Protein chains: 2
Amino acid sequence: MQMTSKFTTAVHILTCIDVFGDEMRVTSDFLSGSTGVNAVIIRNVLAQLRGAGIVNTRQGSGGAHLAKPLNEITLYDIYRAVECVDDEGLFHFHENPNARCPVGKNIHKVMDGRLSAVQAAMENELKNITLAEIVTDTNLKSAHSFYKWRRMK
Amino acid sequence: MQMTSKFTTAVHILTCIDVFGDEMRVTSDFLSGSTGVNAVIIRNVLAQLRGAGIVNTRQGSGGAHLAKPLNEITLYDIYRAVECVDDEGLFHFHENPNARCPVGKNIHKVMDGRLSAVQAAMENELKNITLAEIVTDTNLKSAHSFYKWRRMK
DNA sequence: TAAAGCTGTAATAGTAATCATTACAACTCT
DNA sequence: AGAGTTGTAATGATTACTATTACAGCTTTA
């Protein structure tokens with residue numbers, strides 16, 4: 001089991017918007033080039049991020065922009081925006097436990113609270129990581145390589 | 001994204017083995033009846049649990065048995081046995097970030113440590129839950145309903 | 001020792017999810 | 001008006017999960 005790559009793609013996208021947004025239009029095509037992910041997928045991810053109030057985009061005039069300060073966007077916000085984790089949660093129950101069996105009848109109830117706690121532990125960790133950290137680290141690691149890439153576009 | 005239902009199925013199976021194991025042969029067929037999961041799937045899950053040293057099974061003579069005390073089996077052990085989480089981890093990276101882009105070049109490295117921490121937080125929670133708890137709670141909830149079910153088999 | 005009941009495992013199929021891709025209408029800006 | 005974009009629907013390839021059928025091999029017991 002794994003999260004969709006849309007999650008890391010979304011973080012990548014948002015980092016690009018912040019890093020390059022000052023000087024150029026960050027279009028879905030540009031983001032496709034940086035992530036290696038199809039431009040339509042990028043637009044879909046952007047649509048989900050927009051729905052969550054994380055970015056602004058507009059039809060016609062290209063270019064995505066952050067809708068919030070970097071340090072107010074956590075990885076949890078992005079995860080919620082992009083992964084469909086609403087309904088059932090992280091764990092997927094087998095669907096037809098036998099209600100006539102005392103174990104089958106109760107296993108769901110017995111596990112539910114505990115599994116929610118596990119999920120919450122993961123989500124809390126995600127809440128503690130902001131995009132600001134990601135961007136800062138990325139800038140530190142790549143201080144020297146910006147020039148060329150910008151020229152390419 | 002979600003975990004396979006094999007995980008909750010495995011917990012259900014192990015609970016049954018402990019609860020019913022004293023008085024009857026807990027076969028894949030019996031477990032199929034309790035979980036509502038196909039008997040072949042049950043046998044596959046049992047095979048994985050056996051590989052992890054959690055249960056013993058033998059060809060011919062039916063009936064699975066726990067290979068360890070209840071309080072030495074954590075949900076983490078079961079999760080590791082049953083989900084294939086070894087290689088890439090919980091998060092799935094988009095596979096072709098552009099190495100010529102300073103963001104694409106570094107995003108993986110920047111996120112990796114943080115995502116590992118998130119995964120570890122979840123796994124630590126799983127390590128804190130033992131099968132002993134699950135069985136105890138199940139027994140409490142179903143004290144009155146065992147008789148009938150046993151008679152059915 | 002033969003029959004009955006299990007396990008282990010391979011092969012096949014249905015279903016759902018993910019991602020890529022094509023296509024095109026609607027919008028913005030020059 | 002035309003070029004460049006976004007938003008979105010439709011289609012297809014690939015992969016994962018689960019169910020199911022089939023059968024060889026093992027154990028127990030009658």
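Predicted model, so just to flag it, every value in this text is computed and none were measured. Numbers restart at 1 for each chain; the letters A, B, ... are given by sequence-line order, proteins then strands.
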Can a side chain N or O of [X] be found less than 4.0 Å away from OP1 or OP2 on [N]?
X: T4(B); N: dC17(D); result: yes
X: R50(A); N: dG7(D); result: yes
X: S28(A); N: dT6(D); result: yes

Residue [X], side-chain heavy atoms: nucleotide from [options] that is nearest:
X: V37(B); options: dG4(D), dA19(D), dC19(C); result: dA19(D)
X: R25(A); options: dT21(C), dT5(D), dC6(C); result: dT5(D)
X: S5(B); options: dA20(C), dT18(D), dT6(D); result: dT18(D)

#### Entry: Donor-acceptor contact present, side-chain T8(B) to main-chain S5(B), <3.5 Å
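Checked: pair present.
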
Write down the distance between [atom1] ([X]) and [atom2] ([N]), rounded to a whole number of angstrom.
X: E83(B); N: dT18(D); atom1: CD; atom2: P; value: 8 Å
X: E95(A); N: dC17(D); atom1: CD; atom2: C1'; value: 12 Å
X: D29(B); N: dA4(C); atom1: CG; atom2: C1'; value: 14 Å
X: I42(A); N: dT18(C); atom1: CD1; atom2: P; value: 16 Å
X: H92(B); N: dA17(C); atom1: NE2; atom2: P; value: 17 Å
X: N44(A); N: dT18(C); atom1: CG; atom2: C1'; value: 12 Å
X: I41(B); N: dC17(D); atom1: CD1; atom2: P; value: 11 Å
X: I13(A); N: dC19(C); atom1: CD1; atom2: P; value: 12 Å

Atom pairs under 3.5 Å, N or O on each side, protein against nucleotides 22-28 of chain C: can you list them with distances?
| from | atom 1 | to | atom 2 | distance (Å) |
| --- | --- | --- | --- | --- |
| dT28(C) | O4' | S61(A) | N | 3.4 |

### Under 3.5 Å side-chain donor-acceptor pair for D77(B) and T74(B)
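Short answer, yes.
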
### Task
Decide whether T136(B) and N139(B) meet the rule of one side-chain donor and one side-chain acceptor closer than 3.5 Å.
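There is no such pair between these side chains.
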
### Task
Specify the residue among V26(B) and G36(A) whose closest nucleotide of DNA chain C lies further upstream toward the 5′ end.
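On the 5' side of the pair lies V26(B).
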
### Query
Among I13(B), V11(B), D18(B), which one satisfies side chain to side chain contact (heavy atoms under 4.5 Å, CB included) with T15(B)?
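Among the candidates, only V11(B) passes.
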
### Task
Mind jotting down which residue pairs meet the salt bridge (Lys or Arg N to Asp or Glu O under 4.0 Å) criterion with at least one end in residues 126-135 of chain B? Sequence neighbours excluded, please.
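Every pair satisfying salt bridge (Lys or Arg N to Asp or Glu O under 4.0 Å) with a residue in residues 126-135 of chain B: R114(A)-E133(B).
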
### Query
Taking atom CD1 of I134(A) and atom CE of M111(B), what is their separation to the nearest 0.5 Å?
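Spacing of CD1 (I134(A)) from CE (M111(B)) equals 5.5 Å.
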
#### Entry: F20(B) with L70(B), same ILVMFWY side-chain cluster at under 4.5 Å
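Yes; L70(B) is reachable from F20(B) via cluster members.
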
